[in-house]
Amino acid sequence: MFSKLGQVMLYVNNQDESLAFWTEVAGFHIVDEVILDEGMRWIEIAPAKDSQTSIILHDKEVVARMSAGVNLCTPSLMFFTDDLDRLYADLSAKHVTVGEIVEMPTGRVFNFADNEKNYFAVMERKV
């Protein structure tokens, strides 16, 4: 049986710009950064240093060249926060594209876009 979700692969056009967005704008931390064979650069980021799940920023072009047929579409990710209003205000102040806050049965949620116009969701769960 599976025990946990460890990493999510995010294929990006520009790793440096994506890294800047996720660390400088979204407040993620660099967990690891390694240069692998054939020019592949592995950048692991997470919302907190002790997060159980992390995101790997992969270069789309390098992955397509090394692994023909791999689906390079953006995964649908749901992030969680304990203070949705503060995060919404923070991202808005940093000129990040954000959607309206919506009340769902499970909590309040809004969407935001990264520097490459990939959309993600963030939710504050009802307690």
Side-chain angles (χ1 to χ4, degrees):
M1 296 186 87
F2 296 105
S3 62
K4 69 178 182 176
L5 176 62
Q7 297 167 330
V8 175
M9 305 304 160
L10 182 57
Y11 304 105
V12 298
N13 294 309
N14 186 312
Q15 285 179 299
D16 291 322
E17 288 178 6
S18 290
L19 180 61
F21 172 84
W22 287 103
T23 56
E24 297 169 19
V25 177
F28 277 51
H29 301 275
I30 297 172
V31 175
D32 199 6
E33 186 172 356
V34 180
I35 304 295
L36 303 169
D37 294 337
E38 299 183 45
M40 181 172 272
R41 183 174 164 206
W42 172 285
I43 306 171
E44 183 178 2
I45 59 172
K49 292 182 189 239
D50 61 348
S51 294
Q52 291 187 6
T53 305
S54 60
I55 295 174
I56 308 299
L57 300 174
H58 279 296
D59 184 299
K60 252 185 207 181
E61 186 178 307
V62 173
V63 173
R65 188 175 64 242
M66 292 177 64
S67 303
V70 169
N71 183 345
L72 300 175
C73 295
T74 303
S76 180
L77 299 178
M78 172 73 80
F79 296 98
F80 295 96
T81 183
D82 294 328
D83 191 343
L84 193 82
D85 295 315
R86 190 174 100 204
L87 180 59
Y88 188 90
D90 182 56
L91 292 176
S92 296
K94 293 176 179 173
H95 306 289
V96 172
T97 301
V98 295
E100 292 182 31
I101 296 176
V102 177
E103 189 74 37
M104 305 287 286
T106 53
R108 297 183 317 140
V109 64
F110 71 89
N111 293 325
F112 69 94
D114 69 3
N115 63 303
E116 294 192 4
K117 305 299 181 225
N118 298 304
Y119 279 82
F120 306 96
V122 61
M123 176 181 279
E124 179 182 70
R125 287 186 173 163
K126 287 185 178 179
V127 215

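FYI, the numbering just counts along the sequence from 1.
- Ile30 has its side chain within reach of Leu19: a pair of non-hydrogen atoms, C-beta onward, lies under 4.5 Å apart.
- Looking only at distances, no side-chain donor or acceptor of Tyr88 sits under 3.5 Å from a matching main-chain atom of Asp83.
- No more than 12 heavy atoms of other residues, nucleotides or ligands lie within 6.0 Å of CD in Gln52, so this atom counts as exposed by the packing criterion.
- Between Glu103 atom CD and Glu124 atom CD the span is 9.0 Å, to the nearest 0.5 Å.
- In this structure, CD on Glu44 lies 11.0 Å from CD on Glu33, to the nearest 0.5 angstrom.
- Both Leu77 and Ile43 are assigned to one and the same hydrophobic cluster, defined by single-linkage of ILVMFWY side chains at heavy-atom distances under 4.5 Å.
- Counted within 6.0 Å of CD on Glu61, heavy atoms from surrounding residues, nucleotides or ligands total 12 or fewer; the atom is thus considered open.
- Between the side chain of Thr97 and the backbone N or O of Ala113 there is no donor-acceptor pair closer than 3.5 Å.
- Taking 4.0 Å as the cut-off between side-chain N and carboxylate O, Asp16 and Arg41 count as a salt-bridged pair.
- Under the 4.5 Å side-chain heavy-atom criterion for ILVMFWY residues, a single connected hydrophobic cluster contains both Val34 and Tyr11.
- Residue Val70 is grouped with residue Ile56 when hydrophobic side chains (ILVMFWY) are merged at heavy-atom distances under 4.5 angstrom, including chains of intermediate members.
- Contact detail for Thr53 and Ala46: the closest heavy-atom pair is O-CB, 4.1 Å.
- Within a 6.0 Å radius of CG in Asp82, other residues, nucleotides and ligands contribute 12 heavy atoms or fewer.
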Phe79 and Leu87: CA distance, side-chain angles, deciding distance, side chain to side chain contact (heavy atoms under 4.5 Å, CB included) verdict | CA-CA 11 Å; Phe79 296 98; Leu87 180 59; over 6 Å; no
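- Between atom CZ of residue Phe21 and atom CG of residue Asn14 there is a gap of 14.0 Å, rounded to the nearest 0.5 Å.
- Using bins of under 30°, 30° to 60° and over 60° for the plane-to-plane angle, the ring pair Phe112/Phe120 lands in the tilted bin.
- For the atom pair OG1 of Thr74 and NZ of Lys117, the computed distance is 13.0 Å after rounding to the nearest 0.5 Å.
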Carefully, step by step, assess Arg108 and Asp85 under the rule side chain to side chain contact (heavy atoms under 4.5 Å, CB included).
-> CA-CA 10 Å; Arg108 297 183 317 140; Asp85 295 315; 3.0 Å; yes
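- Residues Val96 and Ile45 fall within the same hydrophobic cluster, defined by Ile, Leu, Val, Met, Phe, Trp and Tyr side chains chained together at heavy-atom separations under 4.5 Å.
- Listed by chain and number, the residues in a salt bridge (charged side-chain N to carboxylate O under 4.0 Å, His left out) with Glu116 amount to none (sequence neighbours excluded).
- A salt bridge does not link Asp90 to Arg86: none of the charged nitrogens lies less than 4.0 Å from a carboxylate oxygen.
- Linking ILVMFWY side-chain heavy atoms closer than 4.5 Å, directly or via other members, places Val25 and Phe28 in a single hydrophobic cluster.
- For Lys126, the NZ atom is densely surrounded, since the number of other residues' heavy atoms within 6.0 Å is greater than 12.
- By the 4.5 Å heavy-atom criterion applied to side chains, His58 and Trp42 are counted as neighbours.
- A distance of 10.5 Å separates CD1 in Ile55 from OG in Ser18, rounded to the nearest 0.5 Å.
- For the atom pair Asp59 CG and Gln15 CD, the distance stands at 5.0 Å (nearest 0.5 Å).
- The side chain to side chain contact (heavy atoms under 4.5 Å, CB included) with Val122 is formed by just one residue from the set Ile101, Val109, Leu84; it is Leu84.
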